[in-house]
Every structure is written in structure tokens, then in C-alpha cells.
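Below is one structure; the comments refer to it alone.
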Amino acid sequence: MKAIDNLLAQEMELQLMFCNTYHLMLQPGTALIKQAGGIHKFIGRSLPIITDSGGFQVFSLAYGGVAKELKSQGKKHFANSVVNITEEGVTFRSYRDGHKLLLSPERSIAAQKELGANIMISFDELPPYHVSPEILKTSFERTHRWAERSLTYHKAHPTNQALYAVIHGGIDATLRKISCQQLTRLNFDGFAIGGSFGKNKKEMMEMLDITMPHLTLKKPVHLLGMADAMTLKNCIPLGIDTFDAAHPTKAARHGLLFTAAGGLRILNKMHATNFNPIVPDCPCYTCKNFTVAYLRHLFKAHELTAFSLATIHNLHFMLQLMADYRKKIEDGVL
């Protein structure tokens with residue numbers, strides 16, 4: 001992964017990297033990373049880094065993709081890893097060895113401070129889309145108390161790091177408005193839009209249309225976990241500044257390569273004799289050095305190099321897309 005990062009840094013305007021606090025807490029541990037001089041020195045990168053709070057794992061380990069993945073790997077005893085959610089915080093069972101870990105607002109911020117991220121996220125809970133209004137409201141109120149506790153701990157242990165609050169409320173317009181009103185009164189450095197975005201992109205955009213007018217402060221806004229090409233096209237005009245998502249790398253691992261005309265599925269038989277780059281004028285390392293036919297061969301042969309080369313291209317494509325949007329904003333076109 002470090003080799004991929006270095007290639008991206010050399011060839012593209014990679015401006016912000018997202019690191020996962022929960023997984024780093026489990027391996028290799030935030031204390032070790034602090035001992036190494038912080039996350040930047042540990043991974044050998046100087047660019048700005050944002051870390052999440054671990055709150056997403058409340059959802060993913062209990063209801064989402066990670067729970068399903070653990071079950072598919074035969075780790076059913078670790079699949080339901082959220083033991084308990086209380087006012088104090090969330091008790092997890094490590095998916096690595098099963099030991100219990102309490103993650104609270106204070107512990108989350110302390111861990112992010114040990115990592116040394118430039119931007120930290122306040123601890124929050126992400127209930128699934130299908131919960132009842134009563135459960136959503138309970139979670140909503142608790143996550144905002146956690147946000148205040150996160151900020152209090154951050155201010156009591158000052159470091160040269162920014163802290164973002166997470167806007168919640170599901171697709172409930174009233175709750176989204178209240179969330180914005182409560183959190184913008186507090187001295188956060190920016191805001192991240194989180195929680196359930198709905199069951200489809202239409203509901204997500206309706207939620208964002210409702211939410212963004214209430215974020216009137218001149219502070220950065222980050223959209224958590226969504227950064228495909230269509231999301232960028234629809235959300236950048238709303239005033240959202242930064243995005244993160246596993247979509248480009250996940251798509252790469254499954255052989256879906258990004259082009260302006262849509263996704264190229266590398267395993268399709270038609271590409272066996274395609275001796276052109278993925279995108280002819282693409283300056284990424286993969287396109288400059290390899291053909292589609294060769295990449296298809298690597299995938300068919302189950303060579304791990306295939307994942308790296310596909311990832312390099314997809315990340316390059318998305319970063320170039322963002323560079324194009326920045327140019328349009330600077331030129332007054334957007």
C-alpha cells in the first residue's frame with residue numbers, strides 16, 4: 001500500500017488521506033504509532049491526514065459489510081462485534097482475537113491524538129436506515145452528547161489538530177436541522193455529514209439539500225463515506241468540500257476500472273486482446289506502462305499485482321476528477 005501511496009504522491013495532487021482509527025487501535029495500536037512519531041512518520045507521508053472516530057464501526061460491525069465479511073470467513077463468533085452501547089460508549093469485541101474494548105468519546109479522541117491526525121472526527125453512532133423513529137431519536141440525542149464530550153476532551157488536551165463534529169439525523173429533516181443548530185453553536189473546526197443517508201442516492205441528495213443550508217458558518221464540510229463520480233457531480237455544487245470512500249479501491253479489487261465513459265470490467269472476454277491502456281491519454285503509472293490485456297491476464301492469474309495496478313488507476317482517475325472540479329471553481333464555472 002505504501003508503494004501505491006508514493007506513486008500517487010509523485011504523479012497526482014493527493015491532498016488528504018483518510019485513516020481508520022478503530023482498525024489502527026487493534027493493529028498495530030495507537031501507542032506504537034505515537035512512539036513512531038505519529039501516523040505521518042509511521043506511513044512515511046507528509047500530506048494532511050484525517051481520522052474517523054470509530055463510530056462507523058458501530059454500524060459496520062453490528063449491521064453492515066464487515067459483519068457479513070466476518071461471517072463469510074467463518075468467524076461467526078466475531079461477526080456481531082458490538083457487545084453493548086451505553087451512555088459511556090461502545091463496547092466492542094475485537095474481530096482479531098475477541099478481546100473486549102470500550103470506545104468512548106474520550107478514548108476515541110485520545111486515540112486520534114496519539115495517531116497525530118491533522119483532522120479528527122468526534123465520536124458518534126451510526127444507526128442503520130431501518131431503525132424506528134424512537135430508536136433514531138435516542139441515538140441522535142446520545143451522539144450529540146458524545147460530540148460535546150469529544151470537544152471537551154479535545155479542549156482539555158490541546159494539540160495542533162482540528163476537530164470536526166458529525167451532523168446526524170438520518171433522513172429526518174427536523175433532526176438534521178436541529179443537529180446543525182446544536183453543533184454550529186459549539187467551537188468545532190469543521191463539520192462532517194454522517195448518519196444514514198437513506199436507501200438510495202435520491203434520498204441522500206434530498207437529505208443533503210435539506211442539510212447544507214443550515215451549515216452557514218464558513219467552515220469546511222466533509223461528506224463521510226461517499227465519493228463516487230455521481231456523488232461528486234451532485235454534491236460539490238452544494239458546497240461540500242471534501243469526500244472519502246472505499247469505492248475506488250473496492251471497485252479496483254473487483255476488476256472495475258474507471259473511465260469517463262463508465263466502468264471497464266476487466267474480466268470481460270472482449271478485453272483479452274485489448275492491447276491499449278485503460279484510458280489512452282491517462283498519465284497514471286498503470287496506463288503509461290500496461291495494457292488492458294495484460295491487466296486482465298493478471299486478474300485471471302490471481303496475481304496480487306493486479307489489485308495494486310487497478311487501484312493506482314482508479315485513485316488517479318478520482319483525484320484528477322477532483323482537480324478538474326477545483327479548476328472549475330477557481331475559474332468561476334462552478
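FYI, side chains are in, hydrogens and waters are out, and symmetry mates aren't considered; it's all heavy atoms of this structure. Here the structure is a predicted model, which means the values were calculated and not measured.
When all heavy atoms of T184 and Q181 are compared, the pair lying nearest together is OG1-O, 3.4 Å. In plain terms, the two heavy atoms of L238 and M212 that are nearest each other are O-CE, 3.5 Å. The two residues G89 and W146 have their closest heavy-atom pair at CA-CZ2, 3.8 Å.
Using a cut-off of 4.0 Å between Lys/Arg side-chain N and Asp/Glu carboxylate O, D324 and K328 are scored as not salt-bridged. We find that K137 and E141 are joined by a salt bridge, their nearest charged nitrogen and carboxylate oxygen being less than 4.0 Å apart.
For the residue pair H222 / D241, no side-chain donor-acceptor distance below 3.5 Å is found, with atom types taken as modelled. T159 and Q161 are linked by a side-chain donor-acceptor pair at a separation below 3.5 angstrom, with hydrogens and angles left out of the test. Under 3.5 Å, the side chains of H40 and S46 contain no donor-acceptor pair of N or O atoms. Side-chain polar atoms of S53 and D124 form a donor-acceptor pair below 3.5 angstrom. Residues Q112 and S108 have side chains that bring a donor and an acceptor to within less than 3.5 angstrom of each other.
For an aromatic pair to be called close, the ring centres must be under 6.0 Å apart, and F197 with Y129 fails this. You'll find the ring centres of H247 and F258 inside the 6.0 Å limit.
Using a 4.5 Å heavy-atom threshold, the side chains of V279 and L264 count as separate. P248 has its side chain out of reach of F317: every pair of non-hydrogen atoms, C-beta onward, lies at least 4.5 Å apart.
A distance-only check finds a donor-acceptor pair linking the side chain of N314 to the backbone of L256 [under 3.5 Å]. For K219 (side chain) and F188 (main-chain N/O), a donor-acceptor pair under 3.5 Å exists by modelled atom type.
For the side chain to side chain donor-acceptor pair (under 3.5 Å) criterion with E87, the lone passing option out of R142, R149, R145 is R145.
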